[in-house]
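None of the values given here were measured: they were computed from a predicted structure.
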Amino acid sequence: EVQLVESGGGLVQAGGSLRLSCATSGFTFDDYAIGWWREAPGKEREGVSCIRSSDGITYYEDSVQGRFTMSTNSAKNAIYLQMNSLKPEDPDVYFCIAAEGDDCSEPTFWGQGTQVTVST
């Protein structure tokens, strides 16, 4: 059974930082694109960052470039997202994902999500 379990969300003031973690199991970590998506109320989910297994390059959505850093630990099958300079408009729920076929735009597996709230 595939599992992705996020942690680390919470309430932070604008300009602050949070580090999200995602523990994964049930699939071959290095054979999938892995990353983070997010969702704001009333809006579609959007990709935040992703690493493709084929080239190891990390991609970031434009609005988080320079503020967010994604990392992985293959030995622990874990994914992390360091979020700095958080803004009130950064959407609320963050999901870690794994994408079969190495396609960051089409996640195959989703975590349950972790809430991030940024106060002014």
Side-chain angles (χ1 to χ4, degrees):
E1 179 187 7
V2 174
Q3 288 191 320
L4 298 94
V5 181
E6 303 94 338
S7 61
L11 175 65
V12 63
Q13 286 190 326
S17 300
L18 280 175
R19 184 175 188 248
L20 305 183
S21 300
C22 178
T24 75
S25 62
F27 64 99
T28 305
F29 190 79
D30 292 338
D31 289 348
Y32 285 71
I34 51 176
W36 295 89
W37 282 52
R38 64 185 182 182
E39 183 178 31
K43 296 185 178 181
E44 291 187 0
R45 291 182 184 182
E46 63 177 4
V48 176
S49 65
C50 188
I51 297 175
R52 296 191 314 187
S53 62
S54 57
D55 56 20
I57 296 174
T58 305
Y59 299 87
Y60 294 97
E61 194 271 330
D62 287 346
S63 70
V64 308
Q65 184 76 39
R67 299 190 296 127
F68 291 9
T69 303
M70 177 179 166
S71 60
T72 64
N73 185 326
S74 295
K76 295 183 178 181
N77 289 347
I79 309 167
Y80 307 98
L81 186 67
Q82 177 67 42
M83 306 186 295
N84 298 328
S85 302
L86 282 161
K87 302 177 181 180
E89 59 267 33
D90 284 318
D92 285 358
V93 182
Y94 284 73
F95 303 87
C96 66
I97 64 96
E100 197 170 15
D102 218 20
D103 184 350
C104 292
S105 67
E106 294 285 344
T108 308
F109 304 116
W110 296 81
Q112 83 285 354
T114 185
Q115 180 84 35
V116 171
T117 303
V118 183
S119 65
T120 55

* Asked: Does Arg38 make a cation-pi contact with Phe95, if we ask for NZ or CZ under 6.0 Å from the ring centre and within 45° of the axis?
  -> no

* Test log, rule side chain to side chain contact (heavy atoms under 4.5 Å, CB included), inputs Asp102 and Tyr32 -> CA-CA 5 Å; Asp102 218 20; Tyr32 285 71; over 6 Å; no

* Asked: Just wondering, do Phe109 and Thr24 contact through their side chains at under 4.5 Å, heavy atoms?
  -> no

* pair Gln13-Val118: side-chain heavy atoms closer than 4.5 Å -> no

* Asked: Relative to the ring of Trp37, is the ring of Trp110 parallel (under 30°), tilted (30 to 60°) or perpendicular (over 60°)?
  -> perpendicular

* Asked: How about Met83 and Tyr94: do any of their side-chain heavy atoms sit closer than 4.5 Å?
  -> yes

* Determine which pairs satisfy disulfide (SG to SG under 2.5 Å) with at least one residue from residues 6-35, sequence neighbours left out, and list them in order. => Cys22-Cys96

* Looking at CZ of Arg19 and OG1 of Thr69, how far apart are the two atoms once the value is rounded to the nearest 0.5 Å? -> 10.5 Å

* Roughly how far, to the nearest 0.5 Å, is CD of Glu89 from OG1 of Thr120? -> 11.0 Å

* Asked: SG/Cys50 to CD1/Ile57 distance, rounded to the nearest 0.5 angstrom?
  -> 11.5 Å

* **Nearest heavy atoms of Val12 and Leu18, plus distance in Å** => CG1-CD1, 4.0 Å

* Asked: Please walk me through it: do Ser53 and Asp30 pass side-chain hydrogen bond (donor to acceptor under 3.5 Å, both in side chains)?
  -> CA-CA 6 Å; Ser53 62; Asp30 292 338; over 6 Å; no

* side-chain hydrogen bond (donor to acceptor under 3.5 Å, both in side chains) assessment of Asn84 paired with Ser17 -> CA-CA 4 Å; Asn84 298 328; Ser17 300; 2.9 Å; yes

* Structure fact -> Here the pair of heavy atoms bringing Arg67 nearest to Ser85 is NH1-O, 2.9 Å

* **Tyr80 side chain reached by Asn73 side chain, heavy atoms, under 4.5 Å** => yes

* Are Glu46 and Pro91 close enough that some pair of their side-chain heavy atoms sits under 4.5 Å apart? -> yes

* Work out which heavy atom in Leu81 is nearest to a heavy atom in Ser49; give both atom names and the distance. => CD1-OG, 3.8 Å

* Count the heavy atoms of every other residue, nucleotide or ligand shown that sit under 6.0 Å from CD of Gln115, and state whether that count exceeds 12. => yes

* **Distance (rounded to the nearest 0.5 Å) between Leu4 CG and Ile34 CD1** => 9.5 Å

* Asked: Any donor-acceptor pair under 3.5 Å linking the side chain of Thr108 with the backbone of Ala99?
  -> no

* Asked: Are Ile97 and Val116 linked, directly or through other ILVMFWY residues, by side chains that come within less than 4.5 angstrom of each other?
  -> no

* Stepwise ring pair (Phe, Tyr, Trp, His ring centres under 6.0 Å) test for Tyr60 and Phe68 -> CA-CA 8 Å; Tyr60 294 97; Phe68 291 9; 8.2 Å; no

* To do: Report the distance from atom CG of Leu20 to atom CH2 of Trp36, rounding to the nearest 0.5 Å.
  => 4.5 Å

* To do: Measure the CG-CD distance between Asp31 and Glu100 for me, rounded to the nearest 0.5 Å.
  => 9.5 Å

* **Asp55/Arg52 ion pair, N-O < 4.0 Å** => yes

* Give the C-alpha distance, both sets of side-chain angles, the deciding distance and a yes or no for side chain to side chain contact (heavy atoms under 4.5 Å, CB included) between Glu6 and Gln112. => CA-CA 7 Å; Glu6 303 94 338; Gln112 83 285 354; 2.8 Å; yes

* Taking the side chain as every heavy atom from C-beta outward, state whether Thr72 and Ile51 have any pair of such atoms under 4.5 Å apart. => yes

